[in-house]
Amino acid sequence: MSNEMQHIPSHFIKNIINEDLKNGKNDSRVHTRFPPEPNGYLHIGHAKSICLNFGLASEYNGLCNLRFDDTNPIKEDVEYVESIQEDVRWLGFDWEDRLFYASDYFQQMYDYAEGLIEAGKAYVCDLTAEEIRRTRGTLTEPGTESPFRNRSVEENLDLFRRMKAGEFEEGSRVLRAKIDMASPNMNMRDPVLYRISFAAHHRTGTQWCIYPMYDYAHPLSDAYESITHSICTLEFEDHRPLYDWTLNALDYQPHPQQIEFARLNLTRTVMSKRLLRALVETGAVDGWDDPRMPTISGLRRRGYTPEAIRDFCDRIGVAKSNSVVDIALLEYCIREDLKLKVPRVMGVLNPLKVVITNYPEEGVEELRAENNPESPEMGHRPLQFSREIYIEREDFMEDPPKKFFRLAPGREVRLKYAYIIQCEAVIRDEATGEIVELHCTYDPDTRSGEDKSGKKVKGTLHWVSAEHGIPAEVRLYDHLYLDESETEGDEPVLNPDSRIKLSAMVEPCLQKTVAGEHFQFLRHGYFSVDPDSQEGRIVFNRIVSLRDTWAKIQKAEK
RNA sequence: UGGGAUAUAGCCAAGUCGGUAAGGCAGCGGACUUUGACUCCGUCAUGCGCAGGUUCGAGUCCUGCUAUCCCAGCCA
C-alpha cells in the first residue's frame, strides 16, 4: 500500500488546499464536484477530472458531488445522464446521496437574477444576437454599450418576468450583466446571463423557457452546494473574473474558489467530443463503446480496468501547462494491472499445422499448465497434447536470419509445457507453393518438468492441439488516428488499420468464458472477451500487446 | 504594449524560506528466463525557453525578450 502511495505526486492544487487548510479557510472542509454537461459520453479526459475531484475529496476526508450541468436543453439528453453515472460508478467513485442537477436550482437562480436587477447590476437587452456580437468589439477594440443598458429597475424587472412568462420569442431578448463594455476581458463585456428557449428540458420539461448561461449558473451551483474548490480546465481561466463577479455582485456566501488545470491530451488519439460524435454518427465506428474509442465505455469494452485508468490518472500528474501524454503510459498501466491477476494462456493467431510424425496416431496426453507463473496461487489447468498441433506461422522460417531462434528446418524448439520438437520436413501446396504443414519429430525424454535429455533450446513456442483447440475471433486494434493532422476538416479520418479481425485457434480451457474476462495470450498481449461473443464463437479484443523484442531486432536490421 | 496563461530530458512531472535538478513512461546496455515476456541491475538534464542582472550561491529573486496555448456563442 505504501508503495502505491509513493508514486502519487503532489501538485499545485494540493498545495492550494494545504494552504487553505492551514489558514482554516472554508471551516477546513474540502468539497469538490464533477460537473459534466449531459451532452455526450465521458472519455479518458473526463476520467482525469473525475479522479482528481473524487480523489482530492477522499484524500482530504472531504466530499465530491456529481452534478449535471444541464442548462442547455437542446444539447442534452437522459441517455447521457445515465451513461455518465454508469461510467463514474464503474471507475470506482461514489457520490453517495449527492447527485445534483443545475436545473434543480433554476428557481433559486432566477430569484438571484431578480436581485441582480434590483441592484442595478443586470438588464434586459433587446439587441439581436448579431447586434450583440457586433457591439461587443474585438480583441483589441472596446465594445459599445447597449442602448437598453440603462433601463429602469422597474422596466427590467417587468421585462425579465415577462421573458420567464413566455411572452417573448426566442432570441428577442436576453438578460445581461452590467459590467464593462471596454474590459480587455471579452467575458466581462456585459455577458449574457439568461436566454429564451422553448425547447423541452430533459428534466424540467416546459416549466422554464429561460435558461441560465454557464457563467452564471456555475458559480451559483457551486455556492449552493458549498463547494470549496471548483476545479475546471484551463480555457475557463478568463471566466474566473465573471465567476467571482456573479457571487460578489450580491455578496453571496460561501464563495468557492475556481482553480484551473490542463486537460488531458493523448498521442495518437483524439478527445474532441465533436470528432468522437462524428465517428459514431458516420458509422466509422460501431458506437460510443467501440473498443477503439477513447471513451470510458470504449475503454471498458476494450478491456481496460478501472484500476488501470485510475493509476494512469495518478501518474500523469496535474499541472497548468498544455501537454500531450504518450499513450504508451496508458498501455503500461493496463499491463501492470493485469500482469499478476489474469491467466496466461496460449492462442495461435495465424495457425500453421504441425504433424508430429513419431507421436502415436490416437495418442492424447494431458499436460499441466501454470495459470500464471508469477501468481502460483492461481494454480494449474489441464492441457491436451496430441499428434497434430498448430503453431504460429511467424514462428517458422525456412531461411532464418542469425538471431531467429524459433523453428526452422532441422532446428529444435520447445513447445511450452510439452516436448522439444525438431523440424524434419516442410509440406507445400503444389499449386501455390505456400507452406501448408510442417512435419516434426518429438523427443519423448523432454517432457516438460521431467526432461531427461539435458537438451537446451533457445526457443519456446506456444501451440494449440488441432483436435482440442477451439476457433475464436481475435480483434487487434491500432490507434484511432495516426495523428490529429490526418483528420480532414470536420470529417474524422479513421486509421484504416484501426481494427484487424483474425481467425485464431485457442486453448480448450477458453471454451467457457464470460464477457469482460481477461487473459494474457503468451507473446500476443492482454485480451478481454467481447460481449459480441456467442455460443461457439468467442471474440477476443486485444487491449494491448506485449513488448516484442524480436520485432525490434527485425526492424533494426532492416 | 488587447487580456489571460504556460515554458524543467523523447513524453508526463516534482522542485514550498534562494543551498547545488525527485519520480514515472519511453529508450539504451547487461543478467536471468520453458516464449525474445516478466523480473532484476546499470544508464539516461554541468543543466531548467533565451539574454542580462542581484547573490558566496539562482530552476527558484529582478529586468528585458522569445515561443506556444486560450478568449470576440443567446455552447459548456
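Residue numbers start from 1 in every chain, and the chains themselves are labelled A, B, ... in the order their sequence lines are given, proteins ahead of strands.
- Counting to the nearest Å, the P atom of B:rC75 and the CD atom of A:E37 are 10 Å from each other.
- Spacing of P atoms, B:rU1 relative to B:rG64, comes out at 15 Å, to the nearest Å.
- Place A:R335 and A:R447 on RNA chain B by their nearest nucleotides, and A:R335 ends up nearer the 5' end.
- Figure legend. B:rU43 is base-paired to B:rG27; pairs are counted as Watson-Crick or G-U wobble with both atom distances under 3.5 Å.
- Taking 4.0 angstrom as the limit, A:N15 places a side-chain polar atom (N or O) nearer than this to OP1 or OP2 of B:rG15.
- Between A:F168 and A:F198, the distance from one ring center to the other does not fall under 6.0 angstrom.
- Rounded to an integer number of Å, the gap from NZ of A:K320 to P of B:rC70 is 16 Å.
- Of the N and O atoms on the side chains of A:Y105 and A:E225, at least one donor lies less than 3.5 Å from an acceptor on the other residue.
- Nucleotide B:rG2 is matched to B:rC71 when pairs are restricted to Watson-Crick or G-U wobble geometry with both distances under 3.5 angstrom.
- For the residue pair A:E79/A:Y41, the side-chain donor-acceptor check at 3.5 Å is satisfied.
- Once rounded to the nearest 0.5 Å, the distance linking OH of A:Y80 with NZ of A:K75 reads 11.5 Å.
- Pair assignment for B:rA7 gives B:rU66, based on Watson-Crick or G-U wobble hydrogen-bonding distances that are each under 3.5 Å.
- At least one side-chain nitrogen or oxygen of A:R136 sits closer than 4.0 Å to the OP1 or OP2 atom of B:rG73.
- In this structure, A:R134 places its CZ atom 16 Å from C1' of B:rG73, rounding to the nearest Å.
- Taking only side-chain nitrogens and oxygens, A:R547 comes nearer than 4.0 Å to OP1 or OP2 of B:rC38.
- A:S321 has a side-chain polar atom (N or O) that falls below the 4.0 Å cut-off from OP1 or OP2 of B:rA13.
- Between A:K339 and B:rU39, a side-chain N or O to OP1/OP2 separation shorter than 4.0 Å is present.
- Annotation: cation-pi pair A:R203/A:Y101 present, NZ/CZ under 6.0 Å from the ring centroid and within 45° of its normal.
- The side chain of A:S323 places an N or O atom within less than 4.0 Å of a non-bridging phosphate oxygen (OP1 or OP2) of B:rA13.
- Of the side-chain N and O atoms in A:T549, one or more sit less than 4.0 angstrom from OP1 or OP2 of B:rA37.
- For A:R240 against B:rG4, no side-chain N or O and base N or O form a donor-acceptor pair under 3.5 Å.
- The residue among A:R133 and A:L234 whose nearest nucleotide of RNA chain B lies closer to the 5′ end is A:L234.
- B:rA13 and B:rG73 have their P atoms separated by 31 Å, given to the nearest Å.
- The side chain of A:T460 places no N or O atom within less than 4.0 Å of a non-bridging phosphate oxygen (OP1 or OP2) of B:rU33.
- Look at A:K552 and you'll find a side-chain N or O under 4.0 angstrom from OP1 or OP2 of B:rC28.
- In terms of phosphate contacts, A:R195 brings a side-chain nitrogen or oxygen within less than 4.0 Å of OP1 or OP2 of B:rC75.
- Following rounding to the nearest Å, A:Y332 (OH) and B:rG10 (P) show an atom-to-atom distance of 21 Å.
- Side-chain N/O atoms of A:K416 include one lying less than 4.0 angstrom from OP1 or OP2 on B:rU35.
- Nucleotide B:rA58: unpaired (no Watson-Crick or G-U wobble partner with both distances less than 3.5 Å).
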